[in-house]
Asks: 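Structure incoming, see below.
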Number of protein chains: 2
Amino acid sequence: MLTRSSTELVRQQNSALVLASLRRLGAQSHTELSARTGLASATVSAITAELERARIIERLEHQSAGGRGRPRVLFSPRRDCGYLVAVRISSDVVQYSLADYAGTLIDRFEESRQHADPSTERFVVTLREGLAKALQRSALGRERVLAVSISSKGIVDPTATRLLWSPVFGTAEIDFASVLCEWSSVTLSNETLLVAHALGRRAEKAGEGGRSLAALSLGHSVGLGIASGDADGDLKVSAPNFGHMLHATDGKACRCGAQGCIEASAGFYGILRTAFEVPPDTIPAKFVPLAEMDKIALRARQGHRMSEYAFRQAGLALGQGLSRVFSLHESMPVTITGLGARFMDLLSRGIEEGLMQTQQGRLQGMPAITIAPDEATLVFEGHLDRALTQVDRMLAGERPVTGDK
Amino acid sequence: MLTRSSTELVRQQNSALVLASLRRLGAQSHTELSARTGLASATVSAITAELERARIIERLEHQSAGGRGRPRVLFSPRRDCGYLVAVRISSDVVQYSLADYAGTLIDRFEESRQHADPSTERFVVTLREGLAKALQRSALGRERVLAVSISSKGIVDPTATRLLWSPVFGTAEIDFASVLCEWSSVTLSNETLLVAHALGRRAEKAGEGGRSLAALSLGHSVGLGIASGDADGDLKVSAPNFGHMLHATDGKACRCGAQGCIEASAGFYGILRTAFEVPPDTIPAKFVPLAEMDKIALRARQGHRMSEYAFRQAGLALGQGLSRVFSLHESMPVTITGLGARFMDLLSRGIEEGLMQTQQGRLQGMPAITIAPDEATLVFEGHLDRALTQVDRMLAGERPVTGDK
DNA sequence: CGGAATTTTCTCGACAGTCGAGAAAATAAA
DNA sequence: TTTATTTTCTCGACTGTCGAGAAAATTCCG
């Protein structure tokens, strides 16, 4: 059943529309806003006036650039209107980034995690300390932070607050919303979902909106994010549990406890295991140093058979996995990120082989595959856009102070 | 980017809301509508008045049942307000059903298709003839038909008009919207998607809305539909290309031309091939009579090893495939329909085995599996609900005749 | 049989929002 | 200084929702 609608909702929607346009495309004048959003000029006036009164946007005094006629006055979101903290949890380190409402990075620092103790209680304590530190370093009050956006590898529940499974904490769940209840808006996202989100936005900006795309992150673990423009032109993203989807019943042990996962063949430890001819049922190493992987890759490039084979098998697992994903969605271009992207020369043959084995592969041909080495940038972009979009909606939803004139 | 909103859209949305409520839950009074939709009484008045003026709904004179106070007057959609034709294309027959706006079946007939000629041009001609016949049998004009809903097994493009691949026509595409351009609203849906849609509505009515569910149709081919309630409580359905998702690189030839598809193991021809120990690369039979399958099943139940094995392998393919789907979405209950549902006793062991091999299976346990033998009913229900929901939106969108008073 | 109680439906005025048109403002060019 | 041009702002018309209370239709009860 649909939900009921009312005139206030209309204003809320349109305010958010204006706000999002300003934030995504930068400062814009009255007329530009009107053209971009499709709203009548009068409506834009009403909305900007309200947002200005609420001190959410401000007018930049005129940039009297050429042309005759009355000069445009540009509106722009006030950067000090609020702040957001992005927290990126990875296996060895937790990175905190503070950004303002305009999306510019203000402060960033990292806290290393001790591998020895994967207790969630301990982690939550250090997380709170980290957030407190972020506030303190920039001398901000907690009420100035409008959103906390957390990311981790692993499985996130649909409400985007609970971490159901992760390589770091295993099945020990963490409900970030309740654990950080004193913070205003807490969301948790899968890391590769953020990458897909950022790539989707970039494609949108480049005028290729609406098409689906996939982000594949290769490293110690394997992650997939899918972004597709929905009917309203809104960006829909999802993060399937790709790394632990069944690849083959080959008995390769995965660190998740199951066997035959894609990661057991295509994660760093899976490649290492095959290259060194370790029995497939061996419990995988917790962590494989990148230098070790580089050595294997070097040997493979020099023609060492088993190393070459290991990468080829990894590629095959990825290719077949992608073909299965495409069967369930549709064929789409793939962008590869993560530490493992540097091995694409060794992986690509297997990937192609795996992709072309299915009906979907034959019907639609090989998808475009590109490499994006700057995963960290993409993750941060994703954090920003998701959190700020939410903030937009929140700010647009707040009714103006009545009687303030 | 979101889309702009306006007051007229609000009315449209709320009208559709009222209309959908009337159609789904039957005749309702003013107050019931107000409570159900959350709209103010005055708003309901305005909307019902408008719909009544447009001759889309009518008031049933009072059912003065018990209770004191002014008796309620029930509104109900006018059944003669419009009609819809549902066309179900299957491998050997095309079924036409004519229903009125209240969803009651008025006429139904079938036209057999000649197997010999799978040309799409010929088919389109007979399709038009079939539709004309449906009109003529009930003495209706074409303008009275508000929607034509077509279903087939196979892959449908996202705009729901083009058939991209089907077991009947292969890769010969048909764009039903352009081929039937003289009909008002033509939509094409995958058959199992309709089943999932109908099951989703049933679950919604039973108060189990919001949860995802999957429909698995077993027969000559294998189809999957997924229904899940989205954020607005609206029903989202999709039909992944499950039958031709890669199962294993076992070299079993599929009729789609690829190898190792789920259908090559779990479709009727796949089971037959294994049971009779035909080489796996044999081009599969076009059609396997149900009696033949029953014979194999009988032998399997009597302990014949190879027949038993064939069903078990089929189950395994299904179970592993489902586990992969669950990895990409989430674990969800499965309803099994189609001719093959009668073999569930033979399939279930393999299905369970396949499902429990993955992380997802372990984390979330075995999904509930139920059997729904009445696939035809479910398909028709799906046709009705999807088409009528669309009609609701269309009727609600039409502005009233001005000056008609 | 008539009035009170009760429940439902309808109506009216207030309020919120969008839109188009045209007035007002601000600048460059003539 | 005037005119042309472009942008921004303002006003009135229109549409929509909502709450409150009037009006309608029925049962209950003396």
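Below, read A as the first sequence line, B as the second, and so on, with proteins coming before strands; counting in each chain starts at 1. Nothing here was measured: the structure is a model prediction, and the numbers come from that model.
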Asks: What's the CG-C1' distance between B:L9 and D:dT17, to the nearest Å?
Replies: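 It works out to 15 Å between those atoms.
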
Asks: Taking only residues two or more places apart in sequence or in another chain, which ones pass side chain to side chain donor-acceptor pair (under 3.5 Å) with A:E58?
Replies: none

Asks: Using the salt bridge (Lys or Arg N to Asp or Glu O under 4.0 Å) criterion, which residues pair with A:D385? Sequence neighbours excluded.
Replies: A:R24, A:R201

Asks: What string of B, S and - do you get for nucleotides 6-14 of chain D 5' to 3' if you count protein non-hydrogen atoms under 4.0 Å?
Replies: BBBBB----

Asks: Please list, chain by chain and in numerical order, all residues satisfying side chain to side chain donor-acceptor pair (under 3.5 Å) with A:D175, sequence neighbours excluded.
Replies: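 By the side chain to side chain donor-acceptor pair (under 3.5 Å) rule, A:D175 matches no residue at all.
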
Asks: If the condition is side chain to side chain donor-acceptor pair (under 3.5 Å), which residues does B:T48 pass it with, not counting sequence neighbours?
Replies: none

Asks: Please report the distance, rounded to the nearest Å, between CZ in B:R11 and C1' in D:dT17.
Replies: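 Checked: the CZ to C1' distance equals 9 Å.
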
Asks: Please check if the side chain of A:Q28 supplies one atom and the backbone of A:G26 the other of a donor-acceptor pair under 3.5 Å.
Replies: yes

Asks: For the helix from C:dC1-D:dG30 to C:dA30-D:dT1, how many degrees between its two end axes (five pairs per end), to the nearest 10°?
Replies: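 The value is 30°.
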
Asks: Less than 4.0 angstrom between a side-chain N/O of A:N14 and OP1 or OP2 of C:dG17, yes or no?
Replies: no

Asks: The criterion is side-chain contact (heavy atoms from CB on, under 4.5 Å); which residues satisfy it with B:A198, sequence neighbours excluded?
Replies: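 If we apply the side-chain contact (heavy atoms from CB on, under 4.5 Å) test to B:A198, skipping adjacent residues, the hits are B:L378, B:E381.
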
Asks: With sequence neighbours excluded, tell me which residues meet salt bridge (Lys or Arg N to Asp or Glu O under 4.0 Å) with A:E143.
Replies: none

Asks: Rounded to whole angstrom units, what separation is found between the CG atom of A:L39 and the P atom of C:dG20?
Replies: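 One finds 11 Å between P of C:dG20 and CG of A:L39, rounded.
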
Asks: Can you name the residues that form a salt bridge (Lys or Arg N to Asp or Glu O under 4.0 Å) with A:R142, not counting sequence neighbours?
Replies: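 Residues passing salt bridge (Lys or Arg N to Asp or Glu O under 4.0 Å) with A:R142: none at all.
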
Asks: Where does the angle between the aromatic ring planes of B:H329 and A:H329 fall among parallel (under 30°), tilted (30 to 60°) and perpendicular (over 60°)?
Replies: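 The arrangement is parallel - the two ring planes meet at less than 30°.
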
Asks: Who are the salt bridge (Lys or Arg N to Asp or Glu O under 4.0 Å) partners of B:R23, not counting sequence neighbours?
Replies: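 Salt bridge (Lys or Arg N to Asp or Glu O under 4.0 Å) check on B:R23 returns B:D392.
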
Asks: Residues in side chain to side chain donor-acceptor pair (under 3.5 Å) with B:T31, at least two apart?
Replies: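 Side chain to side chain donor-acceptor pair (under 3.5 Å) list for B:T31, sorted by chain: B:S29.
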
Asks: Just the table, please: protein N/O against nucleotides 1-3 of chain C N/O, every pair under 3.5 Å.
Replies:
none

Asks: Rounding to a whole Å, what distance do you find between A:E50:CD and C:dG17:P?
Replies: 7 Å

